[in-house]
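Structure first, then comments.
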Amino acid sequence: MRRKLAAGNWKMNGTAADLAEIAALIAANPAPTIDLLICPPATLIAQMVWSKKNHPLAVGGQDCHAKAAGAHTGDISAPMLAAAGASHVILGHSERRTDHGETDAQVRAKAQAALAAGLPGVICMGETRAARAAGTTLDVVGRQLAGSTPDTATGATAVIAYEPVWAIGTGLVPTLEQIAEVHGFIRAELARRFGADAQAFRILYGGSVKPGNAAEIFAVADVDGALVGGASLKSADFSPIIAALSAS
Ligand code: 13P
């Protein structure tokens with residue numbers, strides 16, 4: 001059985017004042033029965049780890065460099081994230097692919113660095129609105145999955161996140177049939193490549209997940225959780241999503 005995972009991506013939002021939301025999240029979810037992960041800006045990782053005390057909430061980064069150290073001004077390496085207390089790292093988010101031109105090969109190198117540092121990567125992929133309209137969604141996702149996931153990945157050391165670019169921050173969500181099609185496709189591609197271990201990979205859906213649509217999305221086959229942006233910033237929004245996933 002795959003353990004469900006509710007992951008929050010705070011993106012470039014949050015300062016120390018927002019740690020109050022983590023206190024609220026912990027108060028609302030004192031003994032979670034699913035895995036919880038929040039990926040705040042790197043500036044907050046250590047403080048968040050410290051402030052959550054012994055609660056099982058995991059804290060992750062939003063990106064890492066492919067190298068462990070060196071002359072790369074402004075970048076952060078996977079061992080640095082681990083040393084700050086992070087236990088996961090989001091990789092290849094569409095905003096990184098768009099804003100920083102990250103390629104599948106670069107995402108794969110980062111995922112390898114994360115594996116080497118003991119951090120499971122949450123490897124993101126998803127089609128643009130144009131690709132969806134052109135009917136090439138599975139081609140795009142298949143290429144990103146093959147190109148971004150290291151050969152050494154396992155279900156224990158990597159999480160896949162399907163995030164249609166057009167659904168991120170827009171309030172638009174694919175139909176449940178569309179989500180089922182892509183998640184089933186990802187599972188089948190993982191099986192082709194990794195054999196029986198494909199069943200151990202968690203596949204998250206991301207893109208405008210809200211309290212009002214979470215339960216129906218979590219009922220879709222091969223949806224093992226969510227990667228949530230805007231609705232992860234406030235416990236009042238994220239807790240009902242956690243409750244829906246826990247009940248699924
Ligand atoms: P929203 O939930 O704000 O649409 O963002 C999704 C996302 O990009 C999570 O990584």
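Atoms within each ligand, like the ligands themselves, are counted from 1 in listed order.
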Atom 2 (O) of ligand 1: which protein heavy atom is closest, and how many Å away?
G229 N, 2.9 Å

NZ or CZ of K52 within 45° of W50 ring axis and under 6.0 Å
no

Below 4.0 angstrom, N of the basic side chain to O of the carboxylate: do K210 and D237 qualify?
no

Under a 4.5 Å cut-off applied to non-hydrogen side-chain atoms, are H55 and L25 in contact?
no

Which of the numbered atoms in ligand 1 are under 4.0 angstrom from any heavy atom belonging to E163?
6 (C), 7 (C), 8 (O), 9 (C), 10 (O)

Would you say N9 has any N or O atom under 3.5 Å from an N or O of ligand 1, going by distance alone?
yes

Looking at ligand 1, would S208 count as a contact under a 4.0 Å heavy-atom criterion?
yes

For Y205 and H183, take the angle between the two ring planes, folded into 0 to 90°, and tell me which bin it lands in: parallel under 30, tilted 30 to 60, perpendicular over 60.
tilted

Side chain, backbone, both or neither: L227 near ligand 1, heavy atoms under 4.0 Å
both

Winner among Q62, K11, K210, H93 once heavy atoms are compared against atom 5 (O) of ligand 1
K11

Below 4.0 Å from ligand 1: does a non-hydrogen atom of G207 turn up there or not?
yes

Counting distance only, does the side-chain N/O of Q144 pair as donor-acceptor with the main-chain N or O of G126 below 3.5 Å?
yes

Using distance alone, determine whether G230 and ligand 1 share an N or O pair under 3.5 Å.
yes

Should the pair D151-R193 be classified as a salt bridge under the 4.0 Å nitrogen-to-oxygen rule?
yes

Looking only at distance, does G206 have an N or O less than 3.5 Å from an N or O of ligand 1?
no

Does this structure show an ion pair linking K67 with D75, if we count only N-O contacts that are shorter than 4.0 Å?
no

Under 3.5 Å between some N or O of ligand 1 and some N or O of G169?
yes

